[in-house]
Protein chains: 2
Amino acid sequence: MKELKQRSTCPVSTSLDVLGDKWTLLILRDMVFEGKSTYGQFMQSEEKIATNVLADRLAALESQGILTKTVAEDKKSKFTYRLTEKGIDTIPIIVELVLWGTKHLATVVNPVLLEELQAGKDAAIGKYQRNARENSLS
Amino acid sequence: MKELKQRSTCPVSTSLDVLGDKWTLLILRDMVFEGKSTYGQFMQSEEKIATNVLADRLAALESQGILTKTVAEDKKSKFTYRLTEKGIDTIPIIVELVLWGTKHLATVVNPVLLEELQAGKDAAIGKYQRNARENSLS
DNA sequence: TTATTTCACTTGCTATTTGCAAGTAATATA
DNA sequence: TATATTACTTGCAAATAGCAAGTGAAATAA
């Protein structure tokens, strides 16, 4: 598993030690904006993460307290992944990536999200954070 | 050089295609918060980037229009790297990484920056963006 | 004017990480 | 009881990162 090697005590550096790869924040994006919570749902994303990388990242995120893993309510053979407060607090980072990509790169945003962000960034962040908190209870 | 392979049209994904590795945002951090602008200055950071990786990332950042490379004023054998507006617009992302790392990980922040952020995130972002814009003129 | 140093890289090699395809084990459904 | 689904693991090839040494142009020192 991707273990935490801290390169320095700088918060940018240490945050990147945890989140700074090509896949971790996409998993969190799927949880925040798509409401995904299972391995199979993460596999369906259009970016096509490899199975071993997904398993590795989910284990790392769990070990770092960013998400929790529990047996699913409907099936004993499934697991449900839910964001912790530490995970919910990554939402502003993801939103800033959305805004930068939308402004400077060739991307297509979900129009609902775009409208919410245009109406007010902080309100949109608050909405998705409250939403994630509700899901973390069930 | 690290070339841009776009995995999807999602802005989070595409932003990560550009910025989502262990080193790119640290180079931008050094430019924004430390006022660094030369290869030698980037090499001095405590995270110890490898020379070939630094050269690669600077070339990629230039080719993506995030920074510009010009011959230094004082010496013809040196280059000066400066942020473009596209680069200056990454500051909110870096600031969110500072905030998340400070809250959830074992880090040590520059007390000046900490105070500025506590006094108001948007004001602090605005200050560093204005600062970067000034440097980009000279 | 020549010698040495500085600066910004490049090169070559090894180690680590990622990507792909196939396999497995525990349920769940037919 | 047989087939399918789910969440992985395993093995290997390809890509990326890390380390040490080397290079060439320009600046400084003798």
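Reckoned from all heavy atoms, side chains included, excluding hydrogens, waters and symmetry mates. Letters A, B, ... are given to chains in the order of the sequence lines, protein chains preceding strands, and every chain is numbered from 1. Quantities reported herein were computed from a predicted structural model and do not represent experimental measurements.
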J.: Students should find this one: the first and last nucleotides of DNA chain C, 5' to 3', lying under 4.0 Å from a heavy atom of chain B. What are they?
T.: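 Taking any atom under 4.0 Å from a heavy atom of chain B, the span is C:dC7 to C:dG12.
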J.: Can you run down the ring-ring contact (aromatic ring centres under 6.0 Å, His included) pairs that involve residues 84-110 of chain B, sequence neighbours left out, and say none if there aren't any?
T.: B:Trp100-B:His104
J.: List in numerical order all residues of residues 53-72 of chain B for which some heavy atom is under 4.0 Å away from an atom belonging to DNA chain D.
T.: B:Val53, B:Arg57
J.: Along nucleotides 19-24 of chain D, 5' to 3', which nucleotides get a B, which get an S, and which get a -, given that the test is a protein heavy-atom distance under 4.0 Å?
T.: BBB---
J.: Of the residues in residues 5-35 of chain A, which ones touch DNA chain D at a heavy-atom distance under 4.0 Å?
T.: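 Going residue by residue through residues 5-35 of chain A, none turns out to have a heavy atom under 4.0 Å of DNA chain D.
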J.: Anything under 3.5 Å between a donor and an acceptor, one on a side chain of residues 117-128 of chain A, the other on a protein residue two or more places apart or in another chain? List them.
T.:
from, atom 1, to, atom 2, distance (Å)
A:Lys121, NZ, A:Glu96, OE2, 2.6
A:Lys127, NZ, A:Glu116, OE2, 2.4
A:Tyr128, OH, A:Glu116, OE1, 2.7

J.: If a pair satisfies side-chain hydrogen bond (donor to acceptor under 3.5 Å, both in side chains) and one of its residues is in residues 56-65 of chain B, list it, with sequence neighbours excluded.
T.: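 side-chain hydrogen bond (donor to acceptor under 3.5 Å, both in side chains) check on residues 56-65 of chain B returns B:Asp21-B:Arg57.
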J.: Who are the side chain to side chain contact (heavy atoms under 4.5 Å, CB included) partners of A:Ala59, not counting sequence neighbours?
T.: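 Residues passing side chain to side chain contact (heavy atoms under 4.5 Å, CB included) with A:Ala59: A:Met1.
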J.: Could you write nucleotides 25-30 of chain D as a row of B, S and -, 5' to 3', where a protein heavy atom under 4.0 Å of any base atom gives B, of only sugar-phosphate atoms gives S, and otherwise -?
T.: -SSS--
J.: Can you tell me the distance, in whole Å, between the OH atom of A:Tyr39 and the P atom of D:dC8?
T.: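 Rounded to whole Å, this separation is 7 Å.
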J.: Taking side chain to side chain donor-acceptor pair (under 3.5 Å) as the definition, give me every residue that meets it alongside A:Ser8, ordered by chain and number, with sequence neighbours left out.
T.: A:Ser13, B:Glu47
J.: Mind calculating the distance between CD (A:Gln44) and C1' (D:dT5) to the nearest angstrom?
T.: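 So the two atoms are 12 Å apart, to the nearest Å.
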J.: Can you list every pair that meets ring-ring contact (aromatic ring centres under 6.0 Å, His included) and has a residue in residues 62-88 of chain B, with sequence neighbours left out?
T.: none
J.: Kindly write out the residues that satisfy side chain to side chain donor-acceptor pair (under 3.5 Å) with B:Gln6, not counting sequence neighbours, or none if the list is empty.
T.: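 B:Thr14.
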